[in-house]
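So the structure is just underneath, and the comments pick up after that.
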Amino acid sequence: MADVVLLSGVSTSTVSRLWSDHFWLDRVAGATLQNLVAVIPDLAEYVTRRSRARVIEAALLQCADVGLEVSISELDALMRRPDSGRHVAAVLSAATSVMRQDRRSANAWLTRSWGSAPDVALDALFSSGPSSLLINQNCFLSQATRMVETGTNTSDNSLYSTVGSGILVHKLAKVHGASPITVTDAPQRSSAFLYRSSRIGTILANADVDVARRYAADVRASPLLQRNEIWSLASYSADLAQSTDFSLPPTTTLIDTVEIILHDLEDRNEAYVHYLVTTAIVAVLAHDNGFGTSKSRLADTLRHRIDDGIHDSGVRSACDALLTVITSTGDTGRRDAG
């Protein structure tokens, strides 16, 4: 203790009081904590872990209040992932808001969970089986469906309402194989996001190429859907910070968006591949014809996917068509050695 007093400059009485107090972290002043962190090894890491644990504990108490049972094993698995604490807490807070049918709060927490990083925790919330974050998941899904069916407002273009409602529709479409509500391509920003959410969720759930084909045609015919597509891709990857005007500055680089697309092009079902090559990749190329300096990788990934075998002739033709376009507009072909 004497060394801590000497090195930190904190008074002996203060250090002594904190030393014997189990709840010292709740009572320590900010300046004192900074001085202690500077001289005590690993204290900063402990403070971070403890702060994260307290946020999760508060979220678990909220879940218990609304009757949600959280799988501790799945919670532990999620918490072992890097930077997962705040995402798990946000997802659990969204779940409790859904159970209370508090639409404003649910949309706010869901919007904070929009993106590739928090999507792991969000998927666990809606997943069934051993990977489910909730033990009594059916109760939550019932309330989520009720929230969507009774109050989705396609005329409210606010950020939280648009993204929050869209996430619910998307996740429920993935769970049930169909959108819980009928979403049309109305000339509203919120309805465009909802429309995309329902279609992508259905494509992921059912691997239905016809749904992907119809969505591609709709996007080609609608400038609003085109703008929504690139905004959704860029904001999901965190290449673009969420903004209330849903704009995409022309100087925005789409490095992480490109990485996600390339990964999905290798691993997703054929209907989703059709969506990628006819809609998502087209949108990215329209914004950045160099595909984030990865056009050659895009060509190689397309070739590999085609070589691995594509059963649907329409999907194979779409891949061939895109490959022809991108290899004819830049140096992306294979080179012989020498």
Stepwise side chain to side chain contact (heavy atoms under 4.5 Å, CB included) test for R213 and D210: CA-CA 5 Å; R213 187 176 293 114; D210 286 337; 2.6 Å; yes
Please tell me if the side chains of [X] and [Y] come closer than 4.5 Å, counting only heavy atoms from C-beta onward.
X: Q137; Y: S128; answer: yes
X: L285; Y: V325; answer: no
X: V148; Y: P180; answer: yes
X: V55; Y: V88; answer: no
X: R305; Y: I310; answer: yes
X: F291; Y: L254; answer: no
X: R297; Y: E259; answer: yes
X: L75; Y: I56; answer: yes

Is [X] reaching over with its side chain to a backbone N or O of [Y], donor-acceptor style, under 3.5 angstrom?
X: S237; Y: A234; result: yes
X: S165; Y: S161; result: yes
X: D312; Y: V315; result: yes
X: N206; Y: D208; result: no
X: E74; Y: L133; result: no
X: N136; Y: C139; result: no
X: Q226; Y: V219; result: yes
X: S132; Y: L134; result: yes
X: R316; Y: I306; result: no

Which heavy-atom pair separates [X] from [Y] by the least distance, and what is that distance?
X: L323; Y: A299; result: CD1-O, 3.7 Å
X: S235; Y: W114; result: OG-NE1, 2.9 Å
X: L110; Y: G164; result: CD1-O, 3.6 Å
X: R103; Y: M147; result: NH1-O, 2.7 Å
X: A212; Y: I203; result: CA-CD1, 3.6 Å
X: A318; Y: T278; result: CB-CG2, 3.9 Å

Side chain to side chain donor-acceptor pair (under 3.5 Å) partner of R303, chosen from D307, D300, T301: D300
Residue that, paired with Y275, satisfies side chain to side chain donor-acceptor pair (under 3.5 Å) out of E270, R268, E229: E229
N-O pairing of D123 and K174 below 4.0 Å: yes
Option from L262, T252, V284, L240 for which side-chain contact (heavy atoms from CB on, under 4.5 Å) with T257 holds: V284
Over 12 foreign heavy atoms within 6.0 Å of NE2, H263: no
Residues, nucleotides or ligands: over 12 heavy atoms within 6.0 Å of I135 CD1: yes
F140 and F126 aromatic ring geometry - parallel, tilted or perpendicular at 30°/60° bounds: perpendicular
Parallel, tilted or perpendicular: rings of Y195 and Y215 (30°, 60°): tilted
Ring centres under 6.0 angstrom apart (Y160, W109): no
Roughly how far apart are [X] [atom1] and [Y] [atom2], rounded to 0.5 Å?
X: Q242; Y: L159; atom1: CD; atom2: CG; value: 5.0 Å
X: D256; Y: D239; atom1: CG; atom2: CG; value: 4.5 Å
X: L68; Y: L92; atom1: CG; atom2: CG; value: 8.5 Å
X: F246; Y: I230; atom1: CZ; atom2: CD1; value: 15.0 Å
X: L233; Y: R196; atom1: CG; atom2: CZ; value: 5.0 Å
X: F193; Y: S198; atom1: CZ; atom2: OG; value: 11.0 Å

Residues T327, K295; criterion side chain to side chain contact (heavy atoms under 4.5 Å, CB included); working and verdict: CA-CA 9 Å; T327 54; K295 211 169 185 180; over 6 Å; no
Test log, rule side chain to side chain contact (heavy atoms under 4.5 Å, CB included), inputs I260 and S116: CA-CA 9 Å; I260 291 173; S116 58; 3.8 Å; yes
ILVMFWY network linking V282 to L248, side-chain heavy atoms under 4.5 angstrom: no
